[in-house]
Amino acid sequence: MTQVVRSMLELVSTKNYYSGDLLFCVEILRNVTDTYKRATYIPSFEDIQKFFHAVSHILDADNREKWEDAQQVAPGSVLLMKVLEDYIHLIGDALKPFQSSIIVTENLVISIQREPVSAVSSDINFPMKGRRGMNDWARNSEDKLFIPKEVLTLPNAETEESTYFVIGAVLYRTLGLILPPPGNSLAVSSKVLTVTIRPLTKPPDQQVVVELSHIINGTSSPQCAVWDYSKSDASSGSWDTDSCQTLPTHPSHTKCLCDQLSTFAVLAQLPKEMVMDVSGSPSVPLMIGCAVSCMALLILLAVYAAFWRFIRSERSIILLNFCLSILASNVLILVGQSQALSKAVCALIAAFLHFFFLSSFCWVLTEAWQSYLAVIGQMRTRLVRKRFLCLGWGLPALVVAVSVGFTRTKGYGTPHYCWLSLEGGLLYAFVGPAAVIVLVNMLIGIIVFNKLMSRDGISDKSKKQRAGASLWSSCVVLPLWLLLGCLQF
């Protein structure tokens, strides 16, 4: 376990990793903690420091966007809080009575102490001012915690079984940026402070005093909140404002009186200009490009409608369906740029985009299939046309339905865009079929090209021209559409 923690610290300190790696790191830290607990082995002080420094690197503010993507797969930041609490109690069980330990990193201040149940010596104050090794952000912090010693009382049934309290407190510098946001234009406007005591105390008669300084300027309506672990869907945000009383607020900090020991923070209403920034401003070049594309497609559809009786053919039907799929994709991209979309609507747009993008690839494949049929001289029948429709619309619908069923829409839509998340494997539900279509299209293209160039190929000039036109259309459209699909990532 020492080697595992040391290796992980070296890796995370390089900051050269992806969103999914953050979830793997949380899982590794949990396994390390569980292994120590099962082996009843207490890590050395050096190992403890490396563990907390690894957590500090994972919670660095530079990883904010990576955490937002990772939250689409699992609530990793919430799991990390639980792992840290378990590790704190693992260390606390090895401390001597009245002994305390404090560890300071770039993004954490951790305090651990052990007190006899029968004689808690004094009230608990955190952070402890004047300690050596304090970083500037912690030394100058106005964040405070006060736990009256009367709170540290066990229920009568457990008094004889337990002899010591392990009291842990963690001040997170950046966790408020990483936890799932509370929504409704609210944001965590303070550092996050966690208090964990084992064995569990009885409901306190006196309230815990928490004072947290504001870290976002221009916010309004601050309210104290605790993290509610009991909510089943922790990925959507589980802040509870009912367990704390918010006292009249000072411009620089907020004071809270809370009736439980938990994870505390101050939520506040963001100013309007910051709400726009959090949602992400629309991409002007993308909107202009999609609008121009929509206009061109509408003009093309109008021309086809005007001259339909003169140009009606299988190729025209395929082209019209291809244009409709691109037009629908562009419209959805424009709608997805709106900042007022809910999470459910964004997921719905991402699912339909998934469908129409795959459909566009499938209609390109249908064009190649039609050119192959022209080369071999197969008669056009209604059955073949139905197969075209099944390939162009039915196959993408099947892929999207299976993907939505397996993921339950997790990964459809992210905090930054209404498209597939790059985490969790949902990416392959688009890239996989698209790659297969490209390969099959290339194979058909080679076959048709050889047939056209061979002396024993097509003798009918009209059929040869139609097959050549279909092949040329597929060769031109597929690379362009493949490029547009790649730009979505």
- Message: Which residues pass the side chain to side chain contact (heavy atoms under 4.5 Å, CB included) test with Arg38, not counting sequence neighbours?
- Response: Asp34, Thr35
- Query: So how far is it from His57 NE2 to Tyr17 OH, rounded to the nearest 0.5 Å?
  - Reply: 8.0 Å
- In chain order, what residues pass the side chain to side chain contact (heavy atoms under 4.5 Å, CB included) check against Glu10, with sequence neighbours excluded? Arg6
- Message: Run Phe52 and Ile91 through side chain to side chain contact (heavy atoms under 4.5 Å, CB included) and show every step you take.
- Response: CA-CA 12 Å; Phe52 286 124; Ile91 299 167; 3.9 Å; yes
- Item | Which residues share a side chain to side chain contact (heavy atoms under 4.5 Å, CB included) with Leu348, sequence neighbours left out | Phe352
- Is it the case that Ser325 and Ser360 place a side-chain donor and acceptor less than 3.5 Å from each other? yes
- Donor-acceptor contact below 3.5 Å, side chain Ser190 vs main chain Ser213: no
- Item | Nearest heavy-atom neighbours spanning Cys224 and Thr254 | SG-CG2, 3.9 Å
- With sequence neighbours left out, the residues meeting side chain to side chain contact (heavy atoms under 4.5 Å, CB included) with Val436 are Val440
- Task: To the nearest 0.5 angstrom, please state how far the OG atom of Ser293 sits from the CG atom of Leu327.
- Result: 7.5 Å
- Determine whether the side chains of His89 and Thr196 contain a donor N or O and an acceptor N or O closer than 3.5 Å. yes
- So do Tyr18 and Lys66 actually touch side chain to side chain, heavy atoms under 4.5 Å? no
- Message: List the residues meeting salt bridge (Lys or Arg N to Asp or Glu O under 4.0 Å) with Glu27, not counting sequence neighbours, and say none if there are none.
- Response: Arg30
- Message: Would you say that Ile88 contacts Val170 through its side chain, given a criterion of any heavy-atom pair below 4.5 Å between the two side chains?
- Response: yes
- Query: Partners of Lys255 by salt bridge (Lys or Arg N to Asp or Glu O under 4.0 Å), sequence neighbours excluded?
  - Reply: none
- Any pair with a residue in residues 40-57 that passes salt bridge (charged side-chain N to carboxylate O under 4.0 Å, His left out), sequence neighbours left out, goes on the list, sorted by first then second residue, please. Glu46-Lys50
- Answer yes or no: is there a side-chain heavy-atom contact under 4.5 Å between Ile178 and Leu80? no
- Message: Set out, in order, the CA-CA distance, both residues' side-chain angles and the distance that settles side chain to side chain contact (heavy atoms under 4.5 Å, CB included) for Val210 and Val195, then state yes or no.
- Response: CA-CA 10 Å; Val210 180; Val195 182; over 6 Å; no
- Item | Residue pair Ser101, Gln113: steps toward the side-chain hydrogen bond (donor to acceptor under 3.5 Å, both in side chains) verdict | CA-CA 6 Å; Ser101 176; Gln113 58 190 101; over 6 Å; no
- Query: Mind checking whether Trp363 and Ile326 have side chains closer than 4.5 Å, heavy atoms only?
  - Reply: no
- Examine Trp419 together with Phe430 and report whether their ring centres are nearer than 6.0 Å. yes
- Task: Could you go through the side chain to side chain contact (heavy atoms under 4.5 Å, CB included) check for Tyr412 and Ser403 one step at a time?
- Result: CA-CA 10 Å; Tyr412 280 98; Ser403 300; 3.2 Å; yes
- Task: Indicate the atoms forming the closest heavy-atom contact of Cys25 with Ile58, along with that distance.
- Result: CB-CD1, 3.6 Å
- Query: Where do Pro116 and Tyr164 come nearest, in terms of heavy atoms and distance?
  - Reply: CA-CD2, 3.7 Å
- Query: Cut-off 3.5 Å, side chains only: do His214 and Ser252 have a donor facing an acceptor?
  - Reply: no
- Query: Given side chains that start at C-beta, do those of Val192 and Phe264 come closer than 4.5 Å, heavy atoms only?
  - Reply: no
- Task: For the cysteine pair Cys258 and Cys244, state whether the SG atoms are less than 2.5 angstrom apart.
- Result: yes
- Side-chain contact, heavy-atom cut-off 4.5 Å: Leu334 with Met287? yes
- For the cysteines Cys418 and Cys346, is the SG separation below 2.5 Å? yes
- Calculate, to the nearest 0.5 Å, the distance between atoms SG and CG belonging to Cys256 and Leu145 respectively. 11.0 Å
- Note on the structure: Residue pairs meeting salt bridge (charged side-chain N to carboxylate O under 4.0 Å, His left out), one or both in residues 184-198, sequence neighbours left out, come to Asp86-Arg198, Asp143-Lys191
- Consider only side-chain N and O atoms of Thr194 and Glu85, and report whether a donor and an acceptor are under 3.5 Å apart. no
- Set of residues satisfying salt bridge (Lys or Arg N to Asp or Glu O under 4.0 Å) with respect to Asp242, sequence neighbours excluded: none
- By disulfide (SG to SG under 2.5 Å) - contacts of Cys362 (at least two apart): none
- Return yes if some donor-acceptor pair links the side-chain N/O of Thr33 with the main-chain N/O of Leu29 below 3.5 Å, else return no. yes
- Could you tell me which non-hydrogen atom of Ile197 sits nearest to which non-hydrogen atom of Leu200, and how far apart they are? O-CD2, 3.7 Å
- Task: For the pair Trp239 and Val188, evaluate side chain to side chain contact (heavy atoms under 4.5 Å, CB included) and give the outcome as yes or no after the intermediate values.
- Result: CA-CA 10 Å; Trp239 289 108; Val188 178; 3.9 Å; yes
- Partner residues of Cys294 under the disulfide (SG to SG under 2.5 Å) criterion, sequence neighbours left out: none
- Item | Partner residues of Lys15 under the salt bridge (Lys or Arg N to Asp or Glu O under 4.0 Å) criterion, sequence neighbours left out | Asp60, Asp62
- Query: How far apart are the closest heavy atoms of Ala225 and Thr241, and which atoms are they?
  - Reply: CB-CG2, 3.9 Å
- Hey, what do you get for OG (Ser100) to CD1 (Ile112), rounding to the nearest 0.5 Å? 10.0 Å
- Neighbour count above 12 (heavy atom, 6.0 Å) for Tyr428 OH: no
- Is any side-chain heavy atom of Thr263 less than 4.5 Å from a side-chain heavy atom of Val226? no
- Query: Short question: side chain of Arg173, backbone of Leu108 - any donor-acceptor pair under 3.5 Å?
  - Reply: no
- Message: Looking only at the side chains, is there a donor atom on one of Gln260 and Ser243 sitting less than 3.5 Å from an acceptor on the other?
- Response: yes
